[in-house]
Every structure is written in structure tokens, then in C-alpha cells.
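Reading through the C-alpha cells given below for one structure.
Because the structure is predicted, anything quoted here is derived from the model rather than measured.
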Amino acid sequence: MSQASWSEYKPGRSFPGVIGRTTDESTPAWPQPVRAVPGAPNVLMIVLDDTGYGQLGCYGSPIRTPNLDALAADGLLYTNMHTTALCSPSRSCVMTGRNHHANGMAAITELATGYPGYNGQIPFENGMLSEMLVQHGYNTYMIGKWHLMPSEHESAAGPYDRWPLGRGFDRFYGFLGGDSSQWYPDLVYDNHQVEPPATPEEGYHLTADLTDRAMSFIADAKQVAPDKPFYLHFCTGATHAPHHVPKEWADRYRGRFDDGWDAYRERTFDRQKQLGIVPPDAAVSPRDPDVPAWESLSPDARRLAARMMEVYAGFLSHTDHHIGRLMNFLKETGEFDNTLIMVVSDNGASAEGGVTGTTNELQFFNNAPESLEESLARIDEIGGPETFNHYPWGWTWAGNTPFRRWKRETYRGGVSDPFLVHWPAGIRARGEVRSQFAHIIDMVPTVLDVLGIEPPTTIRGVTQSPLHGVSFAHTFDDPAAPTRHRTQYYEMFGHRAIDHDGWRAVCPWPGPSFAEAGKPFGTPITMADLDDLDAHHWELYHVAEDVAETRNVAEEHRSKLIEMIALWYVEAGRYNVLPIDGSALERMMLERPQITADRTSYTLRPDTQALPAAVAPRVLNRPHSITADVEIPPGGAEGVLLCQGTNAGGWSFYVKDNHLHYAHNYVHRTLHHVTSGETVPEGRHTLRFEFEPTGSPDIAVGKGSPGRAQLYVDDRLVGEIEMPFTTPVAFNPGGMCCGANPGSAVTSDYRAPFRFTGTLHSVTVDMSGDLIVDAPSEMRMHMARQ
């Protein structure tokens, strides 16, 4: 008998062949493989982090980004693309085509609450582009920063259903949280932790590694299925802090920023006019009251700030270089012309370095800022493996030229971002500017539009919600085409805005009267507050004529303002924005079902994955002991028993030179070190560290609990010191690791990874007494990581 046609047979449908008692009276039929439409383009989304509107060369910046500029010169540059003002919410929009509150991503997942728009978990009915395209024969790859699931889900205990491989990606290589060291990143390969393939001394840098892995993922599949298209979601850690880059890249900008952020902003704005990024009659937004004039700084402060910007510029140029490597790979493999490339930043430039900047963000998190003299002493290290640096917010303001304010706020400085589209095989226009209004929720609908794919009605049996964005593919070859996205709301920590037909209403939080009343950013909004905000603090801008929000016309157009406020509430009700929540601290402190707050004992074992901070024992500012069950072979052993953190700050319990040690690295400034007075004997023993607070912490000035640090061998006291203060709030980056110190060494007393060479059976962390928490400082830490 002839074989039956399988063209209509798919898994789950009725078998179209014939099944008899034996094969000679049966007809086989094969399941139909999922194949993409012949000639379907690849899709590459490049998502930059904290890169401002005025920081790419093609947007008028003096920073050299030749490879991104080339995409603009041979593609399209959009001047009116918008985001949500914060990392995770924006990334959820780029992935799903739905608004961030509808994704449960009102803010970062660390601040989740029990309301639909705020729970920090993207619902499965909001399918991701990866889940859509894999159903149409695409390979799907996620590279770089994820940060789209609760941080307490990042450990080996899972759950894994919201990891990249649980949301439609075939492969993943990157980091799960909000930021990571570029020299010693916390890497995950598919569903497990891995260590970087090299060290900084061997030339390692995360951006280069991510690029290498992206190319290898594509090549792996293409050598087997050369005609199968791919979707690559490429998310650099750049240009989020830490601004880590090889020194030679920073040195290329030596002296280029000595005239300061005011001059940068003026030059960039002039160049934006020349390039047609802003209209020739546009006005730049006025000086931000939080930004000091460059000339008001001392010569030393200017020298430090200029170097921090040189490092940032080098970081961005270095990132552009590796994006260029990826572009060259696509050209060499013949994939470049038929790859739809979209480049976007997740929000405006970041002000989390504060007014002075920092060489170590961990000092900022722990209320222990360094002095100008301390910073200057490390000026030549900035950007290197020994720092965790961020520039001053004067550069943030300059980086968002021509707009006002920055990330986390819904003025255009927070939500208007660079956006490039490049697709030679599908777009005739070359090197043109597009000014149509768009929002990142429009990216998924546009991709589906050009691929000829209808949004799926179900994904893995889950009925799908409608997309919220609209395609802008009609603008590719028609500069005069009208926008199809007429209305877009914004909300971030109660800071609200709405765009509609060239008008823009903004309600900042806090308003002036709230600041005068001592209600800072992150304060909960009551009904009385909201009534006052709605009545008195909405601003109105006609951005069709005033792109940088320089003229508040609320008084002249009161009826238009009332219309815009009403429209904001309509959109808020539609997309799960309510209830409006201006709080940050309260959200962070809220106990969540996934977290066991009252656990006091943890047992860890070697050769296991590191514990992320969200699930690790919280040993700061409380009595605790660390007990290792070890076997010391003849001749002795050495290595780390348990550690947490990095060279930016942390602690390590280890054996070296046959002695027991504990080192506490206080934000890379002070090292408390206790050593046993006798050697550790051969055989099986218990080695223990104990900390007993002897006073209360003074977290406001960056000092954790003072205390007595003691070392024991088999319950025998062998070492003791008094620690006048400890780290008060957090160690970040770096998880808790048993049996080794991967990444950068917590202490210079040994070289990482310093694996324990004896037999380590287990390490038990036991905690008792009250945990002292400084919630405002922890909130600042979580916010700075986004």
C-alpha cells in the first residue's frame, strides 16, 4: 500500500493513515514538522540598559558608536519611541507586546504586591515573542540580562517556569537579576549556574562573552538546519552600572569631557538639530535643580567626574564594538540582509550614582559613601575589576539630552529612548528619520506583521490575551505615514503621564507640596494625596510643538488637561494600573508567599550552586554561627569553607597555611580578619565561626553591628577579635558559595576560586536573635540594580 499524505497531520489531531492488525494492511503517516515560511527573516532584538536618548553617536552624542550608527545610516532612526521608565517593566513590554501593569510588572519584581498589576509574575496568557515564534519554526535564543521573574525564583530550587527556557527560548546564556559585574558575572547557562570561561587577567569581559555565545548558538543550529530562521534576544549588561571596561577603551576619551555636562548637553543638542533628531526650532529643557553647575565643582571633583564619564563612554563604545562583531558574523554567514534588527534601550539614563558618583555601589547601598579623597585615590582603577562604579547624575541629565529628568520618572528623560530598525531585505528606505509616536509594546505586533503571523489564540493550551501594541511597519517606507498608536499611559511609583495625539500630561510624585511636607519619593499615596495631586499637580505639554517639555500650558488649556487626566484613568482601569501605589519601601518589606522569613538554619554542601541573596541566610546584624564538618588529609588542606560577596564587599570563612581564618570585607575599605592561634589538625573535625553582636548598628552612618568574632576547632576557642563595625545592609554582587570563592576573591589573602582541598561534608549556618533591617537602604539597593 502507498504511504498516506501527512501534510495535514499534526500532533494531537486524528491519525490520517490506516492502522490494521499488521503493517502489511496498514498505512503509515508522519507527524508534520513545524517549518517556518521559506525565506522568513531572522529577528534580532538588541536591548541596551540605561542608555539615554543623547548617548548614541547617531543621536548626537560625542560618544563613538560606529556600528550602531551604521545600522541607523542603512536603516531607520526613530525619534519618538517610548518605554516605561524602568528596566523589568520595559523588558516585559518588549517581550510580550502588552503594557507593563497587564504583565504584573508595575515595577521591579523585588517590589511585588498582591494586586494583578503589581505581582511581578508575567501571566502565561501574555505570551512572549519567543513562545509565538517557536510555534512557527524559529530557533529562539536569549542572551544576557533576563530580570523577568521574582528574585526568590533564581535559585536551583526554582520554580523554572518563568526562566527563559520556561518562556519559549531554546537556549539561554546570561544573568537572571538586575545587574552583574562585567568582569565576574553571575552566569547561568540554560537552567544552571556556570563560571565565566576566563578571568579578567586572561582578557575576559561579559559583553565579549555574550557576543561569542550568541554567535555560537546561531552557528550550532545553522550547520544542521541552514534554512531555519532564528529569533535572538540580545540584552547587554551595558550600559547599566557597574561601568566596567578595559582601560584602553576608557583612555580613548581622555580629556574629552573635561568641559563638563553642561557643555556636553549643549553640543549634543546642537548636533541633534543638525541630524533632524529634534526640530530646528526646538528648545532644550532647562537645568535640572538636582544637578550642580559644572563650574561649581572643585577642580578635583571635576577631574573625578570627567574620568567617570570617560569610563562610561569607553563602556558604550566597547559595547558597540561587540555589537559590530555580531553584525559581521551575520554578514559572513549570509544572514545579515534578511535579519530584522531592532535596537532599543529599556529606559532613560540612570541617576543611581548620586550627585558625586561612586567607585563602589556597595557603599551607596550600605550608607557608607567614600570621600572625594578616597575616590581620587582609586581614580586609575575606575572601570576595572576592583571597582563597582557609577557616574554622577550630572552625566545622567546630559545623557538624556534634550529631555528633563531620568530613569524611574515619567518625564521624557525617563521614557523616551533611542530606537533603530534595520532590515535591508524588507525596507527600501535607507538612513531616514521617523518621528511617528511609538511605544515598546508595538515591537511584537510589528514583528508579527512583517512575518505575516497572526497573534496566537493559545500557547501551550493557555488562551492568549489581545496584544496592546500596534504595528508601525507601515512607517518603514513612508515617512509621512500617521502613527497608529494614539494613546499611551505611564505610571511608575505613582509618577504618572499620558500621551495622546501630540499632547502630554505629567503628574510628578512627589509634587512640591508633598516635598515640603517631608514626603519623599516612595511615600505611600493616600486618597487625600491623590485628590491633591489630581487637582493641582498635573502638568500639560504640547509635545508636538515642544518636544522637551519646556512649557507647561496647563493653565492655558485647562479643558485639555482635564480630558487627559480622565483619559489616564480610563487607561489605568483597562490595564490593571489601579490601585495607584506610590510606595517603594512598603512594597519591598511586604512578606511574599515564596519567602520563608523565619528560617534560622541552613545546611550547604560543596559543588552546589551559589545561593542568590534573596534566598541566602541573612547573617548581618544578628548572632550567627558557621560550622563546617571537614576531614583534613595528611599534610593539611586549604580553601574556602563558605563565603558571600566579592571584592566589593563580603566575608569568607576559610583555611590557609593550616590555620583557620575569617575575613570581613567592609565595602572594599576595611578588612576585619581573625586567624586561629594554632593549626587545624588532620582528621575529621568541626570548624566553627561565631559572631555575637556587642552593640547596636548605626545604619544611618553605614555601620553594622559591632561584635565579637570567634573561631573554634571542635568546640575549642582558637581565635578571637573585636569588630568595631560590620557591613550594615547587604553584600551585592555575589551569592553565598560553599567550598570555593568563584568570581573575585572576597579578600586578597587568597586567589579565587580557592577551592577547599580536603573533604568538606557540609556547612551549617545557624542564626538566632533578632534580625535588624534597615528597610530604606535595602529599597535603595533594589532600585539601583534595575
Applying ring pair (Phe, Tyr, Trp, His ring centres under 6.0 Å), run through W406 and W397 and close with a yes or a no.
CA-CA 7 Å; W406 38 58; W397 173 65; 8.7 Å; no
Selection residues 472-482 - residue pairs positive for salt bridge (charged side-chain N to carboxylate O under 4.0 Å, His left out), sequence neighbours left out
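Qualifying pairs, neighbours excluded: R428-D477.
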Among residues at least two apart in sequence or on other chains, which ones pass ring-ring contact (aromatic ring centres under 6.0 Å, His included) with W261?
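By the ring-ring contact (aromatic ring centres under 6.0 Å, His included) rule, W261 matches W294, W395.
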Taking the six-membered ring for Trp and the full ring for Phe, Tyr or His, determine whether the centres of H485 and F437 are under 6.0 Å apart.
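Under 6.0 Å, so yes.
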Near-ring test Y78/F472, centroid separation under 6.0 angstrom
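Aromatic pair counts; centres sit under 6.0 Å.
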Regarding R64 and the six-membered ring of Y253, is the cationic atom NZ or CZ under 6.0 Å from the ring centre and inside 45° of its axis?
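Yes, a cation-pi geometry holds between R64 and Y253.
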SB check [X] [Y] (cutoff 4.0 Å):
X	Y	answer
D534	R496	yes
K273	D281	no
K407	E352	yes

Taking only residues two or more places apart in sequence, or in another chain, which ones meet R430 in a side chain to side chain donor-acceptor pair (under 3.5 Å)?
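Only D74 meet the side chain to side chain donor-acceptor pair (under 3.5 Å) criterion with R430.
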Check the side chains of H500 and T487 for a donor-acceptor pair under 3.5 angstrom, ignoring hydrogens and angles.
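Side chains of T487 and H500: pair found under 3.5 Å.
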Could you point out which residue of H240, H243, H244 forms a ring pair (Phe, Tyr, Trp, His ring centres under 6.0 Å) with H390?
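In the set H240, H243, H244, the residue that makes a ring pair (Phe, Tyr, Trp, His ring centres under 6.0 Å) with H390 is H243.
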Holding to salt bridge (Lys or Arg N to Asp or Glu O under 4.0 Å), I want the full list of residues that pass it with R504, two or more places apart in sequence or in another chain.
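For R504 the salt bridge (Lys or Arg N to Asp or Glu O under 4.0 Å) partners, ignoring immediate neighbours, are D499, E549.
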For R412, enumerate each residue passing the salt bridge (Lys or Arg N to Asp or Glu O under 4.0 Å) test, keeping only those at least two apart in sequence or located in another chain.
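For R412 there are no salt bridge (Lys or Arg N to Asp or Glu O under 4.0 Å) partners, ignoring immediate neighbours.
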Please state whether the rings of [X] and [Y] are parallel, tilted or perpendicular, taking 30° and 60° as the class boundaries.
X	Y	value
Y490	H439	tilted
Y59	Y53	perpendicular
Y489	W568	perpendicular

Compile the donor-acceptor pairs under 3.5 Å between side chains in residues 559-567 and protein atoms, sequence neighbours left out, one pair per line.
residue : atom : partner : partner atom : Å
K560    : NZ   : E563    : OE1          : 3.4

Heavy-atom neighbours of E266 CD exceed 12 at 6.0 Å:
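Count not over threshold, so no.
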When you look at OH of Y115, are more than 12 heavy atoms from neighbouring residues, nucleotides or ligands closer to it than 6.0 Å?
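No, because the 6.0 Å sphere around OH of Y115 holds 12 heavy atoms or fewer from other groups.
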